[in-house]
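One structure is given here, and the rest of the page talks about it.
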Amino acid sequence: MDEKTFKVGEHVIEQGDKGEVLYVVEEGQLDCFKLFPGDKEPKFLKTYQPGEAFGELALLYNAPRAATITAKTNSTLYELDRNTFNHIVKDASQRKRDKYDDFLGSVPILSSIDHYERSKIADVLKEHTFAAGEQVITEGDEGHEFFLIISGEAFASKTLEAGKAPQEVMQYKAGDYFGELVLLRDDQKRAANVFARNNLKVVTINQDSFKRLLGPLDEILKRNMENYENYIHQ
Ligand code: CMP
Ligand code: CMP
């Protein structure tokens with residue numbers, strides 16, 4: 001891998017250019033701006049830190065650079081050329097993005113996240129299957145994952161009165177989510193059970209990725225908590 005340095009203010013990538021390399025930040029910080037159709041000024045999107053990578057889109061999709069990246073401080077970057085990238089990264093990452101693209105596009109809770117951010121969610125998904133009747137989440141357990149249903153149905157049950165059997169409180173189908181409460185409310189346990197009603201296929205997102213990728217959904221998820229009439233009273 002080649003190493004390159006950029007002075008503060010220097011453009012590393014310019015939107016619309018042809019792209020031949022992917023960059024990994026070794027030192028420094030870089031800002032990402034994107035000119036959206038109809039806008040006069042590019043919009044600031046994010047700052048890249050050491051350890052992060054950018055410039056993968058042009059290589060993945062053989063497309064012009066989709067944003068401009070400018071050194072915010074003097075920066076040292078590793079450059080990965082197209083061939084190396086193709087061999088190491090592209091196949092696995094693109095296969096996964098392609099596989100989940102339609103599904104993620106159909107999930108209502110993700111509809112406010114732009115396509116690019118959504119495709120990054122694909123990278124972190126883990127798939128699990130459960131047979132009819134199998135328990136997915138146990139009330140009172142610790143929890144570190146968020147669930148999205150790819151196919152099949154599930155239901156949540158909850159102990160509403162101490163000493164009595166849990167009662168069914170929620171039904172789920174493809175595109176629905178559950179398991180967000182424990183991640184939104186730190187230091188709490190799972191607030192309900194979730195069972196597979198029939199053959200159930202889900203993808204999970206772990207706690208770190210949930211915070212990083214679904215942070216923008218915090219408010220919507222919290223508002224939706226009001227749908228759980230009984231969770232507060234436990
Ligand atoms: P690439 O299109 O090769 O070059 C510009 C890079 O900006 C792009 O790859 C991504 O790595 C990065 N980027 C970050 N956020 C976005 C975004 N919202 N849309 C497009 N590119 C983005
Ligand atoms: P979590 O507490 O992480 O794990 C159990 C999940 O069941 C919970 O998140 C919610 O997604 C879901 N759930 C469904 N109905 C309820 C309810 N009435 N109270 C609490 N959680 C519920």
Side-chain angles (χ1 to χ4, degrees), residues 11-25 30-37 42-49 52-70 77 79-82 85 89-90 93 97 109 113-120 123 135-149 154-160 166-172 176-195 202 204-207 210 213 216 221-222 224-234:
H11 289 321
V12 180
I13 283 179
E14 289 199 61
Q15 187 169 348
D17 279 2
K18 199 162 175 284
E20 292 295 338
V21 291
L22 163 99
Y23 296 94
V24 181
V25 184
L30 303 100
D31 285 337
C32 175
F33 299 90
K34 185 171 168 70
L35 183 62
F36 289 93
K43 190 172 159 226
F44 168 75
L45 291 179
K46 65 171 289 176
T47 302
Y48 286 98
Q49 308 283 348
E52 292 187 291
F54 58 81
E56 81 290 6
L57 281 188
L59 304 189
L60 272 175
Y61 300 111
N62 233 334
R65 294 295 196 187
T68 294
I69 314 271
T70 306
L77 308 177
E79 256 185 18
L80 207 71
D81 66 48
R82 182 184 286 272
F85 174 78
V89 192
K90 180 172 172 179
S93 156
R97 289 185 181 196
I109 191 73
I113 296 192
D114 81 23
H115 185 255
Y116 176 69
E117 293 297 325
R118 233 169 28 216
S119 70
K120 286 198 296 196
D123 295 342
Q135 187 153 12
V136 182
I137 285 181
T138 303
E139 186 175 353
D141 273 5
E142 291 198 352
H144 305 283
E145 288 154 328
F146 173 73
F147 294 75
L148 291 167
I149 299 184
F155 64 92
S157 71
K158 184 169 170 59
T159 310
L160 299 179
Q167 290 181 31
E168 185 167 328
V169 287
M170 183 78 81
Q171 295 74 38
Y172 299 109
D176 289 344
Y177 68 88
F178 55 84
E180 80 292 8
L181 284 184
V182 88
L183 302 180
L184 291 172
R185 310 181 303 161
D186 288 336
D187 293 337
Q188 303 260 357
K189 305 279 197 252
R190 293 292 193 188
N193 302 294
V194 177
F195 290 90
V202 300
T204 58
I205 299 174
N206 73 24
Q207 194 153 13
F210 179 83
L213 298 169
L221 289 168
K222 283 190 175 141
N224 287 355
M225 279 164 62
E226 288 160 18
N227 296 334
Y228 306 134
E229 282 168 22
N230 296 300
Y231 84 91
I232 295 163
H233 307 299
Q234 74 155 354

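All values derive from a computational prediction rather than experimental measurement. Ligands are counted one by one from 1 in listed order, and the atoms in each one are counted from 1 as well.
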Does ligand 2 come near enough to Glu180 that some N or O of the ligand is less than 3.5 Å from an N or O of the residue? yes

Ligand 2 atoms in contact with Ala156 (distance to a heavy atom under 4.0 Å): 14 (C)

Regarding ligand 2, does Tyr228 bring an N or O atom to under 3.5 Å of one of the ligand's N or O atoms? yes

Short N or O distance, Gly179 and ligand 2, threshold 3.5 Å exclusive: yes

For Lys34, the ligand 1 atoms whose distance to one of its heavy atoms is below 4.0 Å: 19 (N)

In chain order, what residues pass the side chain to side chain contact (heavy atoms under 4.5 Å, CB included) check against Phe36, with sequence neighbours excluded? Lys34, Asp39, Lys43, Leu45

Quick one: look up the protein heavy atom nearest atom 11 (O) of ligand 1 and list residue, atom name and how far away it is. Glu56 OE1, 2.6 Å

Counting only nitrogen or oxygen atoms and a 3.5 angstrom limit, does Val182 reach ligand 2? yes

Arg190 side-chain N/O to Gly179 backbone N/O, donor-acceptor pair under 3.5 Å: yes

For ligand 2, which part of Val169 has a heavy atom less than 4.0 Å away: the side chain, the backbone, both, or neither? side chain

When you measure from atom 22 (C) of ligand 1 to every protein heavy atom, which one gives the shortest distance, and what is it? Tyr116 CE2, 3.8 Å

Which atoms of ligand 2 have any heavy atom of Phe178 under 4.0 Å away? 11 (O)

Give me the residue, atom name and distance of the protein heavy atom closest to atom 12 (C) of ligand 1. Tyr48 OH, 3.3 Å

Close side-chain approach of Phe85 and Leu60, heavy atoms under 4.5 Å: yes

For this output row, return yes or no: ring centroids of Phe146 and Tyr177 closer than 6.0 angstrom. yes

Do the rings of Phe155 and Phe195 sit parallel, tilted or perpendicular, given the 30° and 60° boundaries? parallel

If you measure from atom 8 (C) of ligand 1 to every heavy atom of Val21, Leu57, Leu60, which option wins on shortest distance? Leu57

Protein residue, atom and distance nearest to atom 18 (N) of ligand 1, heavy-atom basis: Leu45 CD1, 3.4 Å

Do the side chain of Lys158 and the main chain of Ala191 share a donor and acceptor less than 3.5 angstrom apart? yes

If you draw a 6.0 Å radius around CD in Gln167, do more than 12 non-hydrogen atoms from other residues or ligands fall strictly inside? no

Please compare Phe155, Phe146, Tyr172 and report which has the shortest non-hydrogen distance to atom 13 (N) of ligand 2. Tyr172

Can you list the atoms of ligand 2 that are under 4.0 Å from a heavy atom of Ala192? 5 (C), 7 (O), 21 (N), 22 (C)

Short N-O contact, Lys120 and Glu56, less than 4.0 angstrom: no

Could you tell me whether the side chain of Arg118 and the main chain of Ile113 form a donor-acceptor pair under 3.5 Å? yes

Residue pair Val182 / Glu142, side-chain heavy-atom distance below 4.5 Å: no

For Ala58, take its heavy atoms, then give the atoms of ligand 1 lying under 4.0 Å from any of them. 1 (P), 2 (O), 3 (O)

Distance under 4.0 Å to a non-hydrogen atom of Phe54: what atoms of ligand 1 satisfy this? 11 (O)

Short N/O distance, under 3.5 Å, between Met170 and ligand 2? no

Donor-acceptor contact present, side-chain Asn193 to main-chain Glu139, <3.5 Å: yes

Write out the residue and atom name of the closest protein heavy atom to atom 6 (C) of ligand 1, then the distance separating them to 0.1 Å. Gly55 N, 3.9 Å

Does any N or O atom in Lys189 lie less than 3.5 angstrom from one in ligand 2, N or O only? no

For atom 2 (O) of ligand 1, which candidate among Cys32, Ala53, Ala66 provides the closest heavy atom? Ala66

Short N or O distance, Arg65 and ligand 1, threshold 3.5 Å exclusive: yes

Donor-acceptor check, side chain of Gln15 to backbone of Leu35, threshold 3.5 angstrom: yes or no? yes

Salt bridge (Lys or Arg N to Asp or Glu O under 4.0 Å) with Asp123: which residues, sequence neighbours excluded? Arg97

Test: Arg65 and Glu14 ion pair at under 4.0 Å: no

Which atoms from ligand 1 have a heavy atom of Ile69 less than 4.0 Å away? 7 (O)

